[in-house]
Amino acid sequence: WQWVNEGTMTKPKWGYVSNTPGATLRFAINTLRPSGAGEVIVTLEHLRSYENMGRAAVACVSGCACDGAEIDAHHELRVSQAYQVALGVSQ
């Protein structure tokens with residue numbers, strides 16, 4: 001995975017991109033909040049398009065828990081559009 005701009009300087013399209021099957025991307029999200037225990041909603045945004053797109057598995061590790069999700073970034077519509085996935089995450 002690499003953090004790249006697939007757009008231009010005037011119309012940037014920043015995001016993590018990988019062309020390697022099975023590649024792993026991990027990042028830390030602080031789910032602690034001042035009010036104490038409970039579920040936190042973490043929203044991930046991804047691009048769906050009609051070509052050159054794959055799937056990604058989303059999971060919680062290292063001290064938190066969630067149901068996880070599988071993102072299929074390919075669709076048949078001849079457009080590219082941003083979608084969101086919301087995960088309920090324990091603290």
* Restricting to pairs with a member in residues 15-39, which pass salt bridge (Lys or Arg N to Asp or Glu O under 4.0 Å), not counting sequence neighbours? -> none
* Asked: Which pairs, with at least one residue in residues 66-78 and sequence neighbours excluded, count as a salt bridge (Lys or Arg N to Asp or Glu O under 4.0 Å)?
  -> Arg55-Glu70, Arg55-Asp72
Do [X] and [Y] share a hydrophobic cluster (ILVMFWY, side-chain heavy atoms under 4.5 Å, transitive)?
X	Y	answer
Val61	Phe27	no
Val4	Met9	no
Val79	Ile71	no
Ile29	Val85	yes
Met53	Leu25	no

* Using a 4.5 Å cut-off on heavy atoms from C-beta on, say whether the side chain of Gln81 contacts that of Arg48. => no
* Got Leu44 and Val58 here, is their nearest side-chain heavy-atom distance under 4.5 Å? -> yes
Main chain of [Y], side chain of [X]: is a donor-acceptor contact present, judged purely on distance under 3.5 Å?
X	Y	answer
His74	Tyr50	yes
Thr8	Lys11	yes
Ser80	Ser49	no

Which atoms form the tightest heavy-atom contact between [X] and [Y], and what is the distance?
X	Y	value
Asn5	Pro12	OD1-CA, 3.5 Å
Leu47	Ala73	O-CB, 3.3 Å
Thr31	Val40	O-CG2, 3.2 Å
Ser18	Trp1	CB-CD2, 3.5 Å

* **Audit row: Ile41, Leu87, side-chain contact (heavy atoms from CB on, under 4.5 Å) steps and yes/no** => CA-CA 6 Å; Ile41 303 299; Leu87 298 172; over 6 Å; no
* Ring center gap for Tyr16 and Trp3 short of 6.0 angstrom -> yes
* Within 6.0 angstrom of Gln2 CD, more than 12 heavy atoms from elsewhere -> no
* Qualifying residues under side chain to side chain contact (heavy atoms under 4.5 Å, CB included), relative to Ala59, sequence neighbours excluded -> none
